[in-house]
Structure formats: C-alpha cells, structure tokens
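The shown structure was predicted, so the numbers you read here are calculated from the model rather than taken from an experiment. Heads up: numbering here begins at 1 and tracks the sequence.
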Amino acid sequence: MSGAPDLVLNGVAVRDGFAEAFPMAGTRLVITADTARWALTAARSMTGFATSVIGCGCEAAIERELGPAETPDGRPGVSVLVFAMSLKDLRKVVPLRVGQSVLTCPTTACYAGIEGGPSIPLGRALRYFGDGHQVSKRLAGRRIWRIPVMEGEFVCDEATGAVPAAVGGGNFLILARSRAAALIAAEAAVEAMAQVQGAVLPFPGGVVRSGSKVGSKYPGLIASTNGAYCPTLRAVTPSALPPQAESVLEIVIDGLSEAAVAASMRAGIAAVCELGAEAGVLAVDAGNYGGSLGPFHFHLHAIMEGVP
C-alpha cells in the first residue's frame, strides 16, 4: 500500500493495492472433435483438478471455444491453457492429462496451440499406446501421429511449444455487502474476462472463496485461510474489511504474458465496478505478500487508469 486514496468507480472503492504474481511455464493445446460437445467434454476432463499447483501439480482451464475455421482439422474445437512451475513439470503433466482425458474421449484429436519455444511432448510420448502400430507423417513442416484406438484413430501433434516466462497468480478480491452480491459480481467479472485471450481462471467457475495467505500456525502447511479477509474472524484477527463487508470472493488469473493478465484483471474489475455500489459491491482489493512471493506486481490503480 502506498497510502494513496482509493480510486472510486461507480461508488466502488478500488483500493491502492497490488496483486502479486509469480513466474510459471505455460502452453496452449487445441482439442477438436466431431462435435463441440465432445471437444468440450475432453477439455473439461483434461483441465479438471487443476486449480492450484499447491495441490494439483498444475493450473489449467479452458481458454475459449473454437469454430471449425480456427482449428487444424476443420472441426469444432476448444483451446486450453496449462501452467506449471517449471518446464520440467509441464513436460510431465501435459502428456499425462492428454493421455488420460483426450486420447480416451470419443472422436477427439489434439494439436499444438503454440508454435516455437521449448517443446512439450504430445504424440511423442503417447505414440507407444499404439503398440507398434502407430504411424507418423509430416504435414506442413510438423509431425503428426496417428494412434489406432477401438473407435478409429487418435490424431495428435508430436509436440507443442511453450512459454517459459508465463505468469501465475494474478488476482483481485471483491468485497461485498452479502454473499449474493459478491457472487453476482464475480459471475459478471468471469463473463467479461472470458473475452481476453491468453489468460484463464483456473478455479471452479473462475471464482475462489478460500483465498489463502502464505504459511500457517501448523508446521508443514504452506498456505492457510486469509483471515484478514474472512468476515467471521473480525473479532479474533486483524481485518482488512470495511464494517459492511459480509462476503469476499477472489478471482485468480494465469496468463501467457504480463499483458494478458493485466488485460484480464482490467476487464474483470471494470465489470464489477459497472454493477456499482447499488448492487452491494463495496470495494475491490488484491492479494499480495509485500512483494516477497513473486516479481510481477499488478497495481490496481495503474490497471484501471482511465476507466470512467
């Protein structure tokens, strides 16, 4: 905090704080299928249980749905983003998730969503499932694997590129008069943020109710509930909440670049402020640890500069 006064947008106080984010490695995959339903089914399965590297090993979510004109094979598709703490971790989790959730799903194929950069294995790792009957060919300079399955064959790029300097943990907090008001505001933010490419919201429905702080009173626990933003703990722990706040929700953003995270935050905060104080929104804040967690600092006032 710099001590500057809050920025007020439509009666909502945007606090003079910053979201603190950290480096990750990230990649994009394009999943296609005969129908949009099955492309989405595979994408949802592949990005399941991927909210936080703390417990899930990676963070992943659907970026957007793709029309046939946007996919390599002219079928409906979905792009997904996957993030891990290192390229080594990313190279482990991506083929595991594709193998278990895309290879297994009817009619799907999986293609590289990023050209260039460090290589993340796809078909290179999964081809062995073909038990020697797999076939590869080069198309337009890229190697494609065709792996026989009972339904037909699974088509997959040999590898996808990656971004070694992606960003994880961008965030903002919605402080509201009630649980209903906080949820309505969070849903509006998520809808607006879905329009920003290159960034995703890895938590369920894009929203987090269990915002955390670093450390705990219990040895070995690296994160625990963020008491300063828990309305029920006002009487027993220092609080960062105004007296009227009865509910807080957080939105966490991972992006392939700093610019994507900033654009996503701006879109979400603008949507929250558009609802305004009349909708029960009191303030927007952000989570940070004094700058000790990561090198990326997204200052709310700077992000929202120029928004009426």
Side-chain angles (χ1 to χ4, degrees), residues 26-48 50 59-83 90 93-117 119-127 129-130 134-163 166 190-202 205-206 254-257 260 263-264 267:
T27 190
R28 176 188 285 117
L29 305 177
V30 173
I31 299 168
T32 68
D34 283 358
T35 65
R37 169 191 173 184
W38 284 109
L40 275 168
T41 296
R44 286 168 178 157
S45 178
M46 201 208 106
T47 58
E59 299 179 7
I62 291 172
E63 182 182 26
R64 66 188 183 99
E65 295 185 46
L66 304 171
E70 300 177 276
T71 64
D73 58 15
R75 300 191 300 169
V78 178
S79 64
V80 300
L81 300 185
V82 187
F83 298 86
L90 197 63
V93 300
V94 167
L96 283 175
R97 285 176 176 264
V98 173
Q100 293 301 308
S101 294
V102 186
L103 168 66
T104 59
C105 185
T107 78
T108 60
C110 186
Y111 301 100
I114 293 179
E115 300 293 338
S119 178
I120 305 298
L122 296 174
R124 184 190 305 156
L126 301 175
R127 57 181 167 153
F129 184 73
Q134 64 272 16
V135 176
S136 73
K137 62 167 59 177
R138 283 197 171 273
L139 295 173
R142 59 202 285 179
R143 183 176 293 278
I144 303 289
W145 284 94
R146 295 164 54 195
I147 302 170
V149 292
M150 294 189 300
E151 170 235 45
E153 63 181 14
F154 175 63
V155 177
C156 188
D157 264 325
E158 163 134 311
T160 185
V163 175
V190 168
E191 184 175 352
M193 297 164 83
Q195 308 306 311
V196 179
Q197 295 185 36
V200 292
L201 316 177
D254 292 339
L256 295 176
S257 67
S264 182

(message) So does Arg37 get a backbone contact from the side chain of Thr41, meaning a donor-acceptor N/O pair under 3.5 Å?
(response) yes
(request) Check whether any side-chain heavy atom of Leu122 lies under 4.5 Å from a side-chain heavy atom of Val98, and answer yes or no. (result) yes
(request) Output the distance between atom CH2 (Trp38) and atom OG1 (Thr32), rounded to the nearest 0.5 Å. (result) 14.5 Å
(message) Using only atom types and a distance under 3.5 Å, with no angle test, would you say the side chain of Thr71 pairs donor to acceptor with the backbone of Gly77?
(response) no
(message) Nearest 0.5 Å, please: how far is CD in Gln100 from CE in Met46?
(response) 12.0 Å
(request) Go through Phe83 and Leu90 one step at a time and tell me if the side chain to side chain contact (heavy atoms under 4.5 Å, CB included) criterion holds. (result) CA-CA 7 Å; Phe83 298 86; Leu90 197 63; 5.7 Å; no
(message) Test your reading of the model: is there a side-chain donor-acceptor pair from Glu63 to the backbone of Gly198, 3.5 Å cut-off?
(response) yes
(request) Answer yes or no: are there more than 12 heavy-atom neighbours, outside Glu191 itself, under 6.0 Å from its atom CD? (result) no
(message) Closer than 3.5 angstrom, by distance alone: can the side chain of Thr108 be matched with the main-chain N or O of Cys105 as a donor-acceptor pair?
(response) yes
(request) Hey, could you give me the SG/CD1 distance between Cys156 and Ile31, rounded to the nearest 0.5 Å? (result) 10.0 Å
(request) Hey, could you give me the CD1/CG distance between Ile62 and Leu40, rounded to the nearest 0.5 Å? (result) 5.5 Å
(message) A side-chain contact here means heavy atoms from C-beta on lying under 4.5 Å apart; do Leu103 and Val149 qualify?
(response) yes
(message) Assess whether a salt bridge exists between Glu70 and Arg75, defined as any Lys/Arg side-chain N lying under 4.0 Å from an Asp/Glu carboxylate O.
(response) no
(message) With rounding to the nearest 0.5 angstrom, report the CG to OG distance, Leu29 to Ser79.
(response) 9.5 Å
(message) Using a 3.5 Å distance criterion without hydrogens, assess whether the side chain of Asp157 forms a donor-acceptor pair with backbone atoms of Ala112.
(response) yes
(message) Side chains of Glu158 and Trp145, heavy atoms from C-beta outward: is any pair under 4.5 Å?
(response) yes
(request) Grab the two heavy atoms, one from Ser101 and one from Ser45, that are nearest each other, plus how far apart they are. (result) OG-OG, 2.9 Å
(request) Mind checking the CD-OG1 spacing from Glu151 to Thr104? Nearest 0.5 Å is all I need. (result) 11.0 Å
(request) Taking the side chain as every heavy atom from C-beta outward, state whether Ile147 and Leu126 have any atom pair closer than 4.5 Å. (result) yes
(request) Report yes if the side chains of Arg64 and Val78 come closer than 4.5 Å at any heavy-atom pair, otherwise no. (result) no
(message) Between Arg124 and Ser119, do the side chains contain a donor N or O and an acceptor N or O under 3.5 Å apart?
(response) yes
(request) State, yes or no, whether a side-chain contact exists between Val155 and Tyr111 at a heavy-atom distance under 4.5 Å. (result) yes
(request) Using a 4.5 Å cut-off on heavy atoms from C-beta on, say whether the side chain of Arg28 contacts that of Thr160. (result) no
(message) Would you say Ser136 and Arg143 are linked by a side-chain donor-acceptor pair, where the criterion is simply a distance under 3.5 Å?
(response) yes
(request) Please test Lys137 against Val135 for side chain to side chain contact (heavy atoms under 4.5 Å, CB included), starting from the C-alpha separation and ending with a verdict. (result) CA-CA 7 Å; Lys137 62 167 59 177; Val135 176; 5.7 Å; no
(message) Could you check whether any side-chain heavy atom of Thr107 comes within less than 4.5 Å of a side-chain heavy atom of Thr35, counting everything from C-beta outward?
(response) no
(request) Run the numbers on Thr27 and Val94 for side chain to side chain contact (heavy atoms under 4.5 Å, CB included), then give the verdict. (result) CA-CA 9 Å; Thr27 190; Val94 167; 4.0 Å; yes
